[in-house]
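Down below is the structure, laid out as structure tokens.
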Amino acid sequence: MDHLFNAKMETLQHKKIQELQLERLQKTVHLVYETVPHYQKKFKELGVKPSDIKTLGDIRKLPFTTKDDLRKNAPFGMMTTSLDNCIELHASSGTTGVPVTACYTRNDLEVWSEVMARCLSMSGLTKKDIFQNPIPYGTFTGGFGFHYGAQKVGALVIPSGKGQSERQIKLMEYYGTTFISGVASYAMHLGQVALEMGLDPKRLKVRNGLFGAEMFTPGLKKRIMEVWDMDVHDIYGLTEMCGPGVSTDCDQHDGLHLWEDHFLVECVDPLTLEPVGPEEEGEMVLTTLTKEGMPLLRYRTRDIAKLYDAEVCTCGRTHVRHSMIKGRSDDMVIIRGTNIYPGQIESVLMNNPLVGGNWRMVLTTEHDMDMLTVEVETKQRVSIADMEQLAARLKADIQSVIVFTPRVDVLPPNTILETGLKAKRVIDNRKKD
Ligand code: DLL
């Protein structure tokens with residue numbers, strides 16, 4: 001059962017939400033203009049001043065912010081306050097060399113806990129729950145976000161972290177875990193591990209799960225629900241906003257409510273950057289409204305979804321809903337919750353003198369889990385034994401940058417078909433539903 005954690009804010013009249021948004025937007029715009037050289041420069045280029053923001057629609061006068069801007073100003077150049085005022089740091093995977101870093105003030109952590117508490121309550125978490133958190137703790141935002149939110153709700157938190165799957169299952173059995181979190185594909189994996197241990201997950205007490213961080217297909221959702229006999233909700237978020245906690249679906253399972261008192265969402269055409277029509281698909285662009293450490297204006301998430309026309313949902317919440325994330329507008333792929341850029345893999349391959357120029361990543365779904373096969377050609381024809389040896393070497397090298405083990409198929413030269421003007425590095429054959 002879905003609960004309101006903060007009934008007043010979650011059901012606030014939409015007009016009132018917008019008044020709050022305008023007030024907070026104006027404050028944020030002044031703050032970044034006065035403290036962040038990057039924004040000062042951008043405002044000047046566009047000939048815009050903070051005082052020009054008189055209505056919410058005026059947001060379109062403001063500059064967009066991209067991941068590239070964050071990288072160029074990494075790690076602390078986008079901050080509006082000194083590090084003295086920050087008490088925690090998180091970063092996106094960063095395996096490309098320059099991680100996107102976000103520092104949190106005490107109040108940022110407070111807001112993050114609040115939005116996470118709302119998302120978790122929306123998924124059914126109460127203080128009576130035993131909440132197990134099988135998601136990495138560390139610079140990745142997942143572990144701590146869920147941890148803070150669940151504690152705010154008052155549940156008993158088991159900070160189990162990701163990995164050691166058999167141990168996760170044993171902990172669930174021993175402590176009587178009722179609610180689990182995590183990266184979507186890992187929940188499926190845990191179910192399979194339980195079955196291999198001879199334990200039917202349905203016999204465990206787990207009745208609710210909140211998962212996200214990656215493409216979360218309805219098919220996978222259904223499988224998880226069936227295997228575990230639990231209710232499953234989808235949570236969206238990104239390091240640049242706070243981490244998980246931007247939005248979650250209520251019991252209607254018809255779109256994710258996005259916390260508009262903390263984030264202002266726009267949906268734009270990724271090419272023209274013009275707003276899309278009502279309920280049309282586009283790239284979600286987010287502005288933080290209450291962030292103190294690193295507020296961001298019009299951050300281009302690259303995530304494709306559509307916004308539903310604002311109306312009160314049957315759950316009573318007034319905050320706008322967006323459809324589940326369909327995919328990303330850039331070439332980054334998310335495999336088992338890890339962000340992977342083709343460039344990362346290419347750098348590894350190109351470091352090896354035996355490797356030829358052509359290669360590709362083939363993504364498939366096996367047992368409802370993402371599988372990555374890297375197909376790569378040798379520079380010259382070599383013996384089968386040498387090919388096998390090369391495959392083993394590359395597998396280890398790739399694994400060291402992407403954190404999990406891919407399959408590597410070493411092929412003779414000129415066996416991968418070239419199509420079109422540009423090389424197609426990513427073949428995504430994953431099941432879409
Ligand atoms: O993945 C935060 C998070 C952790 C969300 C745990 C939910 C659960 P990043 O590592 O910065 O942060 O990756 C953010 O992941 O831009 C989306 O492309 C993708 N993503 C996150 N949640 C979902 C979701 C965390 N529910 C990027 N569905 C985002 C689809 C998602 N994609």
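As the structure lists them, so they are numbered: ligands from 1, and atoms in each ligand from 1. Below, all heavy atoms of this structure are taken into account, side chains as well, without hydrogens, waters or symmetry copies. For reference, positions follow the sequence shown, starting with 1.
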Does any N or O atom in Ser92 lie less than 3.5 angstrom from one in ligand 1, N or O only?
no
With a cut-off of 4.0 Å, which atoms of ligand 1 are near a heavy atom of Gly237?
2 (C), 5 (C), 12 (O), 14 (C), 21 (C), 22 (N), 25 (C), 29 (C)
Between Asp368 and Lys431, does any NZ, NE, NH1 or NH2 come within less than 4.0 Å of an OD or OE carboxylate oxygen?
yes
Distance under 4.0 Å to a non-hydrogen atom of Asp234: what atoms of ligand 1 satisfy this?
24 (C), 26 (N)
Given Ile59, Leu56, Leu286, the one that forms side-chain contact (heavy atoms from CB on, under 4.5 Å) with Glu266
Ile59
Counting only heavy atoms, which portion of Leu238 has something under 4.0 Å from ligand 1: side chain, backbone, both, or neither?
both
Under 6.0 Å from the ring centre and within 45 degrees of the ring axis: does the NZ or CZ of Lys42 meet both conditions for the six-membered ring of Tyr33?
no
Within a distance under 4.0 Å of any heavy atom of Ile334, pick out the atoms of ligand 1 and give their elements.
15 (O), 18 (O), 19 (C)
Do any nitrogen or oxygen atoms of Ala213 come within less than 3.5 Å of a nitrogen or oxygen of ligand 1?
yes
Step-by-step salt bridge (Lys or Arg N to Asp or Glu O under 4.0 Å) determination, Arg118 to Glu114:
CA-CA 6 Å; Arg118 291 186 199 173; Glu114 155 87 20; 2.7 Å; yes
What residues form a ring pair (Phe, Tyr, Trp, His ring centres under 6.0 Å) with Tyr299, not counting sequence neighbours?
none
Thr239 N/O to ligand 1 N/O under 3.5 Å
yes
Heavy-atom pairs closer than 4.0 Å: do any link ligand 1 to the side chain of Val100, the backbone, both, or neither?
neither
Under 6.0 Å from the six-membered ring centre of Phe5 and within 45° of its axis: does the NZ or CZ of Lys152 meet both?
no
Which residues pass the side chain to side chain contact (heavy atoms under 4.5 Å, CB included) test with Asn208, not counting sequence neighbours?
Phe179, Asp231
If you measure from each non-hydrogen atom of Phe211 to ligand 1, which part falls under 4.0 Å: side chain, backbone, both or neither?
neither
Tell me which part of Val183 gets within contact of ligand 1: side chain, backbone, both or neither, using heavy atoms under 4.0 Å.
neither
From atom 26 (N) of ligand 1, work out which of Asp303, Thr141, Ile235 has a heavy atom at the shortest distance.
Ile235
Could you check whether the rings of Phe131 and Phe146 sit parallel, tilted or perpendicular, using 30° and 60° as the cut-offs?
parallel
